[in-house]
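For this chain, numbers begin at 1 and follow the sequence in order.
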Amino acid sequence: MDADDEAIGHEQARRLRATMVAAGIDRGRLWLSCFSIGGEVSELEVDAYLHHSLSLPPLQRDLLAQAANELVAAQAPPPAPYVDDLRGDRAPPRRDPAGTEHNVPVQDGDVLDRDAPGSPEH
């Protein structure tokens, strides 16, 4: 591995770890997701990579990034619809990556109402 690839791997590991922390993804969950899409590194190797103690080949680093990105996408709420999405001639509601319907009703007292700055509680 040349010096440039080593520096890229170090930065990639740093950013992957930041993504994991921000999304609440633990090492075991990342490893399992990576393994399920063809990753060939052990959970111990993932841990060593995340702590800059082991260099991984670019393909394995990219599979870890893909696994993390898929896990983050699965946690995301459904997107807000555009007018065309809601027209009568459209197909039924799409599913998000987590498999939930996009027609969840909004009710009084939802998070939007409770956490909004300037709401009566604030």
Task: Contacts of Asp62 that satisfy salt bridge (charged side-chain N to carboxylate O under 4.0 Å, His left out) - sequence neighbours left out - done: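 Partners of Asp62 by the salt bridge (charged side-chain N to carboxylate O under 4.0 Å, His left out) criterion come out as none, since no residue qualifies.
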
- [ ] Just jot down the salt bridge (charged side-chain N to carboxylate O under 4.0 Å, His left out) partners of Glu43, sequence neighbours excluded, or say none.
- [x]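 Result, salt bridge (charged side-chain N to carboxylate O under 4.0 Å, His left out) vs Glu43: Arg27.
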
Quick one, [X] and [Y] - any side-chain contact, counting heavy atoms below 4.5 Å?
X: Leu54; Y: Leu56; answer: yes
X: Asp5; Y: Pro58; answer: yes
X: Ile8; Y: Arg61; answer: yes

Open item on the list: According to side-chain contact (heavy atoms from CB on, under 4.5 Å), who are the partners of Ala13, at least two apart in sequence or on a separate chain?
Closed with: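 Residues passing side-chain contact (heavy atoms from CB on, under 4.5 Å) with Ala13: Tyr49, His52.
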
Task: Those residues that, when tested against Ser42, pass side-chain contact (heavy atoms from CB on, under 4.5 Å) (two or more places apart) - done: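 Per chain and number, Ser42 pairs via side-chain contact (heavy atoms from CB on, under 4.5 Å) with Leu44, Glu45.
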
Task: Side-chain hydrophobic cluster, 4.5 Å single linkage: members besides Leu59 - done: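 Grouped by the 4.5 Å side-chain rule, Ile37, Leu63 form the rest of the cluster around Leu59.
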
Task: Contacts of Gln66 that satisfy side-chain hydrogen bond (donor to acceptor under 3.5 Å, both in side chains) - sequence neighbours left out - done: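 Result, side-chain hydrogen bond (donor to acceptor under 3.5 Å, both in side chains) vs Gln66: Glu70.
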
Open item on the list: Going by side-chain hydrogen bond (donor to acceptor under 3.5 Å, both in side chains), name the residues that satisfy it together with Arg29, two or more places apart in sequence or in a different chain.
Closed with: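 side-chain hydrogen bond (donor to acceptor under 3.5 Å, both in side chains) list for Arg29, sorted by chain: empty.
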
Task: Residue pair Ala68 / Leu30: nearest heavy atoms and the distance that separates them - done: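 Of all heavy-atom pairs spanning Ala68 and Leu30, the closest is N-CD1, 3.6 Å.
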
Task: His51 side chain vs Asp47 backbone, donor-acceptor pair below 3.5 Å - done: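 Checked: pair present.
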
Open item on the list: Main chain of Val41, side chain of Trp31: is a donor-acceptor contact present, judged purely on distance under 3.5 Å?
Closed with: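 The answer is yes, because a donor-acceptor pair under 3.5 Å joins these two groups.
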
- [ ] Could you note down all residue pairs passing salt bridge (Lys or Arg N to Asp or Glu O under 4.0 Å) where residues 11-20 supplies at least one of them, sequence neighbours left out?
- [x]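 Sorted pair list: Glu11-Arg14, Glu11-Arg15.
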
Task: Rounded distance (nearest 0.5 Å) linking atom OG of Ser55 with atom CD of Gln60 - done: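 Atom-to-atom, Ser55:OG and Gln60:CD are 13.0 Å apart.
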
